[in-house]
Amino acid sequence: MGLVPEGPPAMSDFAGELTRRLEALRAAGLYRELRRVERQPGTNLTVAGRRLVDFSANDYLGLADHPALLAAATAAVARQGAGARASRLMGGSLGVHHELEEGLAAWKGTAAALVFATGYATALGTIPALVGRDDVVVMDKLVHACVVDAARLSGAKLRVYPHNDLDRLEAMLRWADARTAGGRPLPGTRPRTLVITESVFSMDGDQAPLREIVALKERHGAWLMLDEAHAAGLLGATRRGLAEAVGVADRIEVQMGTLGKALGAAGGYICGSRPLVDYLVNRARSFIFSTAPVPAAAGAAHAAVQLVQSDEGAALVRQLWANVAAVKHAGGLAAGPATSAILPLLIGDEGGAVRAAAALRESGIFLPAVRFPTVPRGAARLRLTVSAAHTAGDVAALATALTRLNHLIRPPGFSDASAGPA
Ligand SMILES: *Cc1c(COP(=O)(O)O)cnc(C)c1O
């Protein structure tokens with residue numbers, strides 16, 4: 001049993017209870033702690049004074065310290081201040097927010113866009129605004145935690161289909177048809193089914209069969225919400241995401257994305273019709289009851305939206321795919337066309353994943369273990385991500401570090417989740 005901090009009896013009882021819970025996490029190999037890092041330019045960071053190469057960030061294009069974003073953030077601060085001072089519906093709807101939203105809508109080719117302070121807040125506000133107790137949410141088993149939390153919060157009936165399993169999705173849509181055929185919750189409306197998937201999955205890096213999902217949701221009159229967090233800025237002719245790449249963007253009701261990954265800033269967005277955005281302004285509680293995003297984030301995100309559409313954006317994406325190919329080669333992973341910048345190195349056992357991450361740190365590579373509940377139990381992994389900003393030297397350092405780990409890592413697609421390393 002751990003130390004119980006001193007204090008009044010009730011307080012020490014509280015601390016003691018939490019300490020016991022933490023011990024249980026530790027015993028299960030699931031204890032998490034913060035590691036203080038200082039970012040260096042590019043892909044380097046220092047941890048306790050040691051310089052490491054970061055292979056875990058979502059800054060896929062290296063925009064987080066791009067001069068255009070830094071300048072836009074600084075200009076936004078000079079123009080509107082450090083903080084937004086109020087929620088959007090009070091005095092906080094600043095010019096920088098509107099410029100960002102107009103830029104997002106123009107980029108995505110939608111009538112309108114709405115920005116939230118984070119991607120998490122985007123899902124948490126949007127899903128419960130769109131569906132409630134009389135409705136059904138059908139979602140992929142591997143959608144992000146913010147979608148799961150939002151779907152639960154909505155009170156809708158939830159159905160979860162095995163990852164990318166179109167047959168099970170269709171069966172659930174048929175079940176939902178029968179269920180939503182009846183009642184009329186509001187005059188002029190009827191119970192609805194909302195399908196939710198990611199386009200590129202955050203922990204596995206694979207893609208949803210989006211064309212087929214769109215066809216299915218249309219056949220069943222369902223709505224589709226697509227989270228492009230790991231595809232926006234990377235996929236498609238103008239880097240709008242997977243929906244653009246497969247030509248179905250105009251058939252998706254709700255296009256979600258984040259501004260803190262390939263776009264290098266912070267925030268989340270919904271792109272879609274004007275009624276959708278007007279409706280969310282009225283009903284999305286995480287939008288209504290929260291201070292507007294800081295000007296610096298909105299300014300930087302707006303610069304990033306412009307940048308990803310430019311020739312420079314195209315060149316950065318080409319560099320990214322070249323780096324992905326180089327990392328796959330260096331790590332002995334299967335070659336083949338890059339579908340994302342996320343390359344999971346599956347380990348399985350939680351303790352083994354933590355040991356592998358520590359060994360990599362010793363070799364100068366920053367790549368923390370990802371464990372339950374971020375991924376299923378027994379599916380712990382090193383979630384390797386590649387950036388256009390990685391240099392040939394970075395990739396060589398990774399290759400050297402990985403060869404020391406070969407005995408811990410199993411090839412992608414492993415099935416025996418219980419067999420961890422010795
Ligand atoms: C990161 C992420 C989010 C949350 O976005 P934040 O801006 O980090 O809150 C939502 N969905 C997916 C798929 C993500 O990977």
Side-chain angles (χ1 to χ4, degrees), residues 34 56-61 63-64 69 73 97 100-101 104 113-128 137 139-154 160 163-164 194-208 210 213 224-235 240-243 252 254-271 280 284-287 290-294 296-298 300-302 304-305 339-344 368 370-371 373-376 381 383-387:
L34 298 174
S56 67
N58 301 312
D59 183 23
Y60 303 122
L61 299 178
L63 296 191
L69 272 74
H97 301 128
L100 170 57
E101 287 166 350
L104 276 166
L114 191 68
V115 169
F116 294 70
T118 65
Y120 196 106
T122 306
L124 215 66
T126 300
I127 295 168
V137 167
M139 58 193 185
D140 190 285
K141 173 119 177 63
L142 296 189
V143 292
H144 192 267
C146 65
V147 167
V148 176
D149 294 354
R152 286 195 184 129
L153 182 65
S154 77
V160 177
H163 181 48
N164 282 347
L194 176 65
V195 177
I196 312 177
T197 183
E198 265 161 61
S199 56
V200 167
F201 284 84
S202 62
M203 291 299 138
D204 294 73
D206 57 341
Q207 297 182 353
L210 189 56
I213 290 174
L224 177 62
M225 177 167 173
L226 179 68
D227 183 350
E228 296 258 34
H230 298 279
L234 306 184
L235 301 179
R240 294 175 188 174
L242 184 63
I252 297 170
V254 188
Q255 297 187 57
M256 171 180 164
T258 62
L259 300 165
K261 286 165 180 157
L263 291 152
Y269 63 82
I270 296 291
C271 285
L280 293 177
R285 293 172 64 85
S286 67
F287 178 87
S290 191
T291 301
V294 293
H302 188 213
V305 167
T339 53
S340 84
I342 302 163
L343 305 171
V370 177
R371 291 166 284 167
T374 308
V375 294
R381 67 197 64 186
R383 175 181 176 271
L384 174 66
T385 53
V386 185
S387 170

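Counting starts at 1 for both ligands and their atoms, following the listed order. What you are looking at is a predicted structure, and each value in this text was computed from that prediction instead of being measured.
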When you measure from atom 11 (N) of ligand 1 to every protein heavy atom, which one gives the shortest distance, and what is it? Asp227 OD2, 2.6 Å

Heavy-atom closest contact (Asp227 atom, Gly257 atom, distance): OD1-CA, 4.5 Å

For Leu242 and Ala231, which heavy atoms make the closest approach, and how far apart are they? N-CB, 3.9 Å

Any idea which atoms of ligand 1 are less than 4.0 Å away from a heavy-atom of Tyr120? 4 (C), 5 (O), 6 (P), 9 (O)

Atom 1 (C) of ligand 1 [closest protein heavy-atom partner, distance rounded to 0.1 Å]: Lys261 NZ, 1.4 Å

For atom 15 (O) of ligand 1, closest protein heavy-atom neighbour: His230 NE2, 2.5 Å

Decide side chain to side chain contact (heavy atoms under 4.5 Å, CB included) for Leu226 and Val254; before the verdict, give the C-alpha distance in whole Å, the side-chain angles of both, and the deciding distance to 0.1 Å. CA-CA 6 Å; Leu226 179 68; Val254 188; over 6 Å; no

Mark up the atoms of ligand 1 that fall under 4.0 Å of a heavy atom belonging to Ala229, in ascending order. 11 (N), 12 (C), 13 (C), 14 (C), 15 (O)

Tell me which part of Thr118 gets within contact of ligand 1: side chain, backbone, both or neither, using heavy atoms under 4.0 Å. both

Please answer whether the main-chain N or O of Ser202 pairs with a side-chain N or O of Arg383 as donor and acceptor at a distance below 3.5 Å. yes

Should Cys146 be listed as contacting ligand 1, given a heavy-atom distance under 4.0 Å as the test? yes

Dump the intermediate steps for salt bridge (charged side-chain N to carboxylate O under 4.0 Å, His left out) on Asp204 and Arg381, then the final yes or no. CA-CA 10 Å; Asp204 294 73; Arg381 67 197 64 186; 3.2 Å; yes

Atom indices of ligand 1 within 4.0 angstrom of Ser202 heavy atoms, with elements: 15 (O)

Using a distance-only test with no angle check, is there a side-chain donor-acceptor pair under 3.5 angstrom linking Tyr120 and His144? no

Relative to the heavy atoms of Thr258, which atoms of ligand 1 are at a distance of less than 4.0 Å? 3 (C), 5 (O)

Return the residue, atom name and 0.1 Å-rounded distance of the protein heavy atom closest to atom 7 (O) of ligand 1. Gly119 N, 2.7 Å

Can you give me the closest heavy-atom contact between Val200 and Ser340, atom names plus distance? CG1-CB, 3.4 Å

Atom indices of ligand 1, in the order listed, that fall short of 4.0 Å to a heavy atom of Glu198: 13 (C)

